Amino acid sequence: SLLGKIDALIDGTKIRNRSHAIEYLITQSLTPKVKQAVILAGGKGLMPKGLLPVAGKPILEHIVEMLRESGVRDIIFSIGHLGEKIQEHFGDGKKFGVKITYVSEEKEAGTGGALLLAKQHVTSDTFLVIHGDILIDINLSDFIAFHKEQENMATLAVTTVIDPSSFGEVILHGSKITQFIEKPQKGKQTSQLVSCGLYILEKEIFSFIPHNGVSHLEEIFPKLAREKNLSGFLFEGKWVDVGTPSSYEHAITTWKSPSTA
């Protein structure tokens with residue numbers, strides 16, 4: 001029944017009662033929709049990290065499912081070394097309920113260059129970008145609504161860690177990111193907030209990316225922070241960056257799909 005579906009949303013914390021659940025559903029229906037995402041799935045190694053299995057399926061499959069369940073069904077994979085293995089697994093995306101387009105870097109171009117490759121296929125003014133080697137439990141509708149309220153060029157999903165020296169450290173003032181420091185020196189960091197490798201961007205971001213050589217989004221974010229054009233969305237869900245053997249081990253032992261957790 002409809003009431004049964006409404007009551008199923010009540011979790012006692014984020015959604016406390018039936019009226020709160022109804023209010024939440026109305027807000028969700030009014031949230032501006034984002035339909036496109038770019039997945040950055042390049043990098044080196046014996047196989048793409050995104051194809052490493054966690055909880056019975058490749059990391060990239062977890063990402064594609066999360067996007068699809070949030071109504072993001074137009075996906076651009078920016079691939080590189082051994083990217084054909086990703087293409088073999090996902091094909092045109094039909095089997096996964098999405099449409100997938102591929103762009104491929106001939107030589108390593110960095111996160112900025114990898115995104116720039118996808119520009120010709122980005123038709124939305126606002127779109128998501130996600131690194132292909134992370135697992136994240138986040139409400140994308142809330143993330144998108146937050147970004148639209150902020151009216152900035154970029155919003156980063158942000159979480160807390162004990163040691164930010166391996167990540168992009170974020171200094172947050174209210175909802176604005178005032179500083180972004182990529183891989184701060186151990187012991188010199190001033191915050192335990194880090195960027196999670198999930199962003200929502202406006203199309204104007206492409207004008208900030210150099211068209212020649214290797215470029216990194218992590219070099220663009222400090223400039224946006226200085227211009228007060230960068231927001232941070234602090235979320236409570238789980239997050240694992242599967243960038244190292246130890247973090248992959250951690251993912252294997254701790255990660256369950258949000259729907260089964």
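Only a predicted model underlies this, so the values are computations on that prediction, with no experimental measurement involved.
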| remark: By salt bridge (Lys or Arg N to Asp or Glu O under 4.0 Å), Glu249 pairs with (sequence neighbours left out) none

| field | Nearest non-hydrogen partners of Ala109 and Ala114, listed with the distance | value | CB-N, 4.1 Å

| request: Please tell me if the side chains of Thr126 and Ile200 come closer than 4.5 Å, counting only heavy atoms from C-beta onward. | output: yes

| field | Co-members of the apolar cluster containing Ile181 [side chain, <4.5 Å] | value | Ile171

| task | Output yes when a side-chain donor or acceptor of Thr111 lies under 3.5 Å from a complementary backbone atom of Leu217, and no otherwise. | result | yes

| query | Shortest non-hydrogen contact from Ala251 to Val54? | reply | O-CG1, 3.7 Å

| Qualifying side chain to side chain donor-acceptor pair (under 3.5 Å) pairs with a residue from residues 79-103, counting only residues at least two apart or across chains | Glu61-His89

| query | Going by heavy atoms in the side chains, are Trp239 and Val194 under 4.5 Å from each other? | reply | yes

| said: Please confirm whether the ring centroid of Phe221 lies under 6.0 Å from the ring centroid of His216. | reply: no

Only distances under 3.5 Å count here; give the side-chain donor-acceptor pairs of residues 225-237 to other protein atoms, sequence neighbours excluded, each with its distance to 0.1 Å.
| residue | atom | partner | partner atom | Å |
| --- | --- | --- | --- | --- |
| Glu227 | OE2 | Lys223 | NZ | 2.9 |
| Asn229 | OD1 | Met153 | N | 2.8 |
| Ser231 | OG | Asn152 | ND2 | 2.6 |

| message | How long is the straight-line distance from CG of Asn139 back to OG of Ser70, given to the nearest 0.5 Å? | response | 6.5 Å

| task | For residues Leu224 and Phe180, determine if any side-chain heavy atom of one lies less than 4.5 Å from a side-chain heavy atom of the other. | result | no

| field | Pairs satisfying salt bridge (charged side-chain N to carboxylate O under 4.0 Å, His left out), at least one member in residues 207-221, at least two apart | value | none

| field | pair Val214-Lys107: side-chain heavy atoms closer than 4.5 Å | value | no

| Cut-off 3.5 Å, side chains only: do Ser175 and Gln150 have a donor facing an acceptor? | yes

| By ring pair (Phe, Tyr, Trp, His ring centres under 6.0 Å), which residues pair with His20, not counting sequence neighbours? | none

| message | Using side-chain heavy atoms (C-beta onward) and a distance below 4.5 Å, is Ile76 in contact with Leu117? | response | no

| field | Side-chain donor or acceptor of Tyr248 paired with backbone N/O of Pro53 under 3.5 Å | value | yes

| task | Please examine the side chains of Val98 and Leu67, heavy atoms only from C-beta on, and report whether any two atoms are closer than 4.5 Å. | result | no

| request: Kindly write out the residues that satisfy side chain to side chain donor-acceptor pair (under 3.5 Å) with Thr155, not counting sequence neighbours, or none if the list is empty. | output: His147

| said: If you define the side chain from C-beta out and look only at heavy atoms, does anything of Ile59 sit under 4.5 Å from Lys49? | reply: no

| note | Under a side-chain separation threshold of 4.5 Å, the hydrophobic residues clustered together with Ile162 are none

| query | Under the ring pair (Phe, Tyr, Trp, His ring centres under 6.0 Å) test, which residues partner Phe127, sequence neighbours left out? | reply | Phe206

| task | Return each pair, listed once, that meets salt bridge (charged side-chain N to carboxylate O under 4.0 Å, His left out) where at least one residue sits in residues 161-181; pairs must be two or more places apart or across chains. | result | Asp163-Lys186

| Do the side chain of Arg68 and the main chain of Phe96 share a donor and acceptor less than 3.5 angstrom apart? | yes

| task | Starting from the C-alpha separation in whole Å, work towards a yes-or-no answer on side chain to side chain contact (heavy atoms under 4.5 Å, CB included) for Ile220 and Ile205. | result | CA-CA 9 Å; Ile220 294 166; Ile205 194 79; 4.1 Å; yes

| request: Output all residues satisfying salt bridge (Lys or Arg N to Asp or Glu O under 4.0 Å) with Asp125, sequence neighbours left out; order by chain, then residue number. | output: none

| query | Minimum heavy-atom separation for Pro184 to Pro164, with atom names? | reply | CD-O, 3.4 Å

| field | Donor-acceptor contact below 3.5 Å, side chain Ser215 vs main chain His211 | value | no

| field | Pro48 side chain near Leu51 side chain, heavy-atom distance below 4.5 Å | value | yes

| Results of salt bridge (Lys or Arg N to Asp or Glu O under 4.0 Å) for Glu106 - residues two or more places apart only | none

